[in-house]
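Taking it in order: structure first as structure tokens, then the write-up.
Being a predicted model, the structure only gives us computed values, none of them experimental. A note on names: the letters A, B, ... follow the listed sequences, proteins ahead of strands, and every chain is numbered from 1.
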Amino acid sequence: MASLQACIAVARAPPLSHSPCLALLARALRPIRCTLRPQVRFLSGDMAMDWSFNWTAQGVSFRRGEMRFRVSLKEEASVDAKDQRVGAKAIPKLMLVSDLDNTMVDHLDKSHTGLLRFNNLWAAEYAHNSLLVFSTGRSLEKYTQLRTQFPLLTPALCIFSVGTEICYGANMEPDQDWVNYLNEGWNQAVVLEEVKRLNLRLQDDSEIRPHKVSCQIDKKDATEIIDTLSKRLKDRGLNVKLIFSHGIDLDVLPKGAGKGEALAFLLQKMRREGSAPQETLVCGDSGNDIELFEVEGVNGVIVGGAMEELRQWYDINGKHSSRLHLAKERCASGIVEAIGELSLGPHLSPFDRMNSNGIQPAVKASEKGQLTPSGVAQREVVEFNTFFTKWMNGEVPNNPESFQRLTSVIASGSTMVYPWGVEQSLLQSVTSAQSKHGLTKDKKIRVWIDCIQEQELANGVLMVTWHSWQMSEGTERKGYFATAILREKEGTPNGVEWLRVHETPRKS
Amino acid sequence: MVFSGAPRLMVVSDLDNTMVDHKDDSYTSLLRFGSLWQADYEHDSLLVYSTGRSPALYAELREEVPLITPGITIMSVGTEIRYGDTMEPDHGWEEELNQGWDREAIVEEGKKLNLKFQVDSEQRPHKVSFYVDKAQADEVIKTLIERFKERQLNAKIIYSGGVDLDVLPTGAGKGQALEYLMKKLKAEGRAPGHTLVCGDSGNDAELFAVSDVYGVIVGNAMEELLKWHSEYQGDKTHIYLAKERCAAGILEAMQHFDLQPNVSPRLKFQAYDAASELSVSTVAHMVVEYLLLMEQWLKAVVENTDAVFNRLKASLAPDASYVHAYGIITNPHEEIDTMRELHGVKKNKPFFIWVDRIRIEQLSDTMYLARFDKWEKSSSGLSCAITTALLQTKSDAPNGLLWKLIHETWLTGREGSGAPKSADSTTHVTGKEGPLKEVLKL
């Protein structure tokens with residue numbers, strides 16, 4: 001049985017009776033009589049199937065087992081298109097865990113170019129099958145502040161306060177298991193007492209959290225303070241750890257806490273639930289990110305402009321790992337660079353593919369037995385929006401052939417409802433924009449797409465919903481809720497055409 | 001009206017005191033007609049308004065009363081024909097009317113007689129309009145006709161409402177405009193299955209003389225039209241004299257001429273057999289009824305029972321999504337319970353919800369796309385949300401249909417208020433525009 005538990009790469013999937021999977025299994029299990037009852041539980045970019053089965057061998061019956069196969073899609077695989085678009089996020093293809101300040105967020109880049117590039121790539125290629133996680137030293141309050149200043153996407157999960165808080169979704173539901181786990185050997189009141197006894201300078205209220213006490217200390221005193229405080233807290237029966245970073249911040253956390261621990265905890269939890277990601281990429285720039293890189297089985301990127309303490313760690317520990325990349329590009333651009341260098345998936349966003357040289361198409365899946373993987377409608381939405389914005393900004397060449405990219409995907413009779421309350425033929429409104437090439441070149445408009453979701457409504461008809469944001473220099477960002485209906489159509493760049501778009505301004 | 005085939009029914013109606021009853025400020029019969037039309041006729045029939053009003057006054061009327069959008073608008077006593085939502089003018093008709101028409105000469109003659117000109121907005125390219133007292137009318141008309149003859153002017157006079165005197169090209173008028181329209185439709189292979197013309201006053205008389213139409217003179221018709229009817233020498237079996245006022249009279253005529261369906265959802269809900277074939281027309285009907293049920297719930301026209309409330313709730317998919325025009329997304333299935341407490345919150349108040357421009361498209365066996373305008377009139381004003389909706393078939397749902405998505409945006413200039421919690425909300429939210437809007441200058 002142990003051999004069967006290894007991952008087998010198979011080229012084909014059910015229908016079952018002709019499946020080489022079954023044949024393979026049957027061969028492996030030949031000495032055992034078994035009845036297989038495969039249950040295809042979920043499918044995503046690469047398929048994974050849970051097959052539960054009973055087996056008997058030589059009159060002895062064994063209990064039901066479960067096996068997992070990782071199927072990498074080869075050219076001849078032709079899965080029923082319906083199965084591909086399950087809609088629910090099952091096994092994420094990639095889980096991207098990123099620090100914020102100076103990793104995802106470049107405080108030196110007022111135009112937010114790197115971050116917008118990342119957002120564009122994520123919405124187009126990853127939102128439908130991957131997980132975005134922010135792991136920040138910031139508290140919830142400071143995180144919320146950061147969000148008003150920078151065009152950040154909405155993550156599926158947020159890990160705050162140096163890995164002491166794990167929160168899910170837009171409502172920031174805290175993970176209760178994590179809270180319970182951290183409560184062991186921890187007492188916030190005691191920590192505060194000891195910190196006071198040493199006359200250490202506490203950080204703002206917002207930085208003192210249920211499972212984190214943060215202070216600021218002088219670099220030169222660091223070693224001594226850390227030693228003393230550790231001993232004192234140990235004497236009082238607590239089980240804590242101290243993290244010193246950025247040359248000034250000292251965080252006191254439960255021993256089990258930390259960015260790395262939080263991530264490991266998450267991965268373990270996901271494994272138990274059968275939703276562990278196929279690949280994980282952690283992204284950081286400073287000392288408190290080191291533990292992220294040390295979590296087993298993850299890929300990592302140290303972004304350009306990273307702090308000395310992390311570079312030193314890389315020189316000693318990470319240089320020879322094929323899963324670790326030291327990026328040249330700063331911050332979010334460095335993350336995009338790493339996705340490419342580590343072959344974790346597509347790394348050319350519509351943003352990158354559309355520039356003054358023209359439009360490069362996305363990498364095509366091979367022709368033969370082409371699947372319609374889920375996510376094409378999402379890519380179409382992002383591409384369309386990106387091209388349109390770049391056209392207005394004059395960032396793509398002004399030639400009618402490339403504008404055709406837009407008009408060729410609009411179904412006849414399709415309409416659009418604009419957020420300012422006008423309904424118009426979609427073709428007419430797009431066509432009227434053709435003459436407006438470069439209209440905003442002096443005050444470029446920046447657009448990003450968040451919370452993009454795709455759902456198959458019926459055979460070949462898809463609904464995509466998303467939140468779009470617009471900003472330009474000197475104007476406040478404006479948000480919109482959008483819904484689009486698209487339909488499969490051969491011969492279009494992403495295999496879909498537009499039927500209806502509807503946008504509403506978001507309540508501010 | 002977006003379809004391109006032959007209309008099953010064409011209704012051509014005057015507005016003031018025919019479709020619109022100015023004496024009823026709850027617009028009961030107008031709303032009844034409107035909901036019948038949207039539910040059962042919008043998808044394959046043609047509604048035409050034929051009014052003496054100029055475009056400016058027509059727009060004013062649209063702001064005041066719950067009129068649904070017609071497929072064709074004939075204004076300024078049949079001198080202006082406009083098509084569709086975008087009101088495209090018919091240039092062919094303009095050219096026809098230009099033949100031998102000398103507007104300046106007519107204005108001169110009016111001045112010579114010291115006639116009182118109507119306001120500027122009522123003076124149109126092919127219409128010169130005066131106010132003339134009933135007492136002087138006959139005299140003035142006689143004189144003008146003489147003058148026009150002397151100067152060989154191509155002009156005719158229409159006197160109506162006991163005050164309006166319009167001078168138009170001889171070839172113009174409500175009747176001629178309709179004939180022109182019908183000829184055009186026929187030429188395109190789109191002759192209507194039936195046509196019903198509706199009027200109440202002098203300038204409507206010509207409508208009834210058009211061949212192959214049914215006609216209704218509404219219950220509150222003016223003396224001048226009734227006089228015309230009794231003096232009419234031709235065959236008038238096709239003309240029905242309704243007892244009811246205005247739009248109710250039109251509905252009465254539809255019953256009389258057996259134009260089906262003719263019972264408004266506002267009078268009676270249709271019970272659909274869940275197993276029966278859903279189609280774009282029945283889905284339209286269900287959408288109209290659902291919003292009607294909302295209104296009736298808020299006004300306590302329906303009872304606060306589990307059965308009724310369940311019709312509201314069970315029509316929403318558990319995972320439905322509602323993007324409100326005021327900029328928040330909710331799950332209506334989860335939120336509908338708050339509606340339970342709102343039963344009767346608009347009782348005896350002026351509050352109406354109606355649907356306009358409904359278009360249904362079948363996306364698949366199980367999915368329909370609906371597009372419509374949802375209007376709401378209350379004491380705090382008039383608001384309209386342009387709506388996109390997805391409806392999904394489900395055998396055990398009321399009428400076999402579930403709302404899966406509702407997405408609304410305020411129609412420009414018609415913004416409503418935020419979340420409807422109380423009986424009267426008065427805050428107005430102005431439209432939010434991003435940088436792209438200015439740029440596109442839509």
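- When heavy atoms are compared at a cutoff of 4.5 Å, B:Q392 does not approach chain A at all.
- For a residue to count as touching a neighbouring chain, one of its non-hydrogen atoms must lie under 4.5 Å from one of that chain's; by this rule B:T387 touches chain A with the backbone only.
- Within 6.0 Å of the CD atom in A:E490, the count of heavy atoms belonging to other residues, nucleotides or ligands does not exceed 12.
- The residue from B:I386, B:I329, B:V323, B:T388 that alone fulfils the side chain to side chain contact (heavy atoms under 4.5 Å, CB included) condition with A:T504 is B:V323.
- In A:Q434, the CD atom is crowded: over 12 heavy atoms of neighbouring residues, nucleotides or ligands sit closer than 6.0 Å.
- At most 12 non-hydrogen atoms from other residues, nucleotides or ligands lie less than 6.0 angstrom from NZ of A:K489.
- Distance check, rounded to the nearest 0.5 Å: CZ of A:F481 to CD of B:E408 gives 13.5 Å.
- Contact of the B:K404 side chain with the A:Q455 side chain is registered, since non-hydrogen atoms from C-beta on lie closer than 4.5 Å.
- The 12-atom threshold is not exceeded at CD of A:Q453, counting heavy atoms of other residues, nucleotides or ligands nearer than 6.0 Å.
- Between A:E423 and B:R357, some side-chain heavy-atom pair lies under the 4.5 Å cut-off.
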Verdict with reasoning, A:H502 to B:T409, per side chain to side chain contact (heavy atoms under 4.5 Å, CB included): CA-CA 8 Å; A:H502 192 138; B:T409 298; 2.8 Å; yes
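- A:T415 contributes atom OG1, which lies 6.0 Å from atom CZ of B:R359 (distance to the nearest 0.5 angstrom).
- Here the straight-line distance linking atom OG1 of B:T366 with atom CG of A:N459 works out to 8.0 Å at 0.5 Å rounding.
- Taking the side chain as every heavy atom from C-beta outward, B:L390 and A:I485 approach each other to under 4.5 Å.
- Residues A:L499 and B:R371 approach most closely at O-NH1, 4.4 Å, considering heavy atoms.
- In this structure, the separation between OG on B:S364 and CD on A:E456 is 9.0 Å, given to the nearest 0.5 Å.
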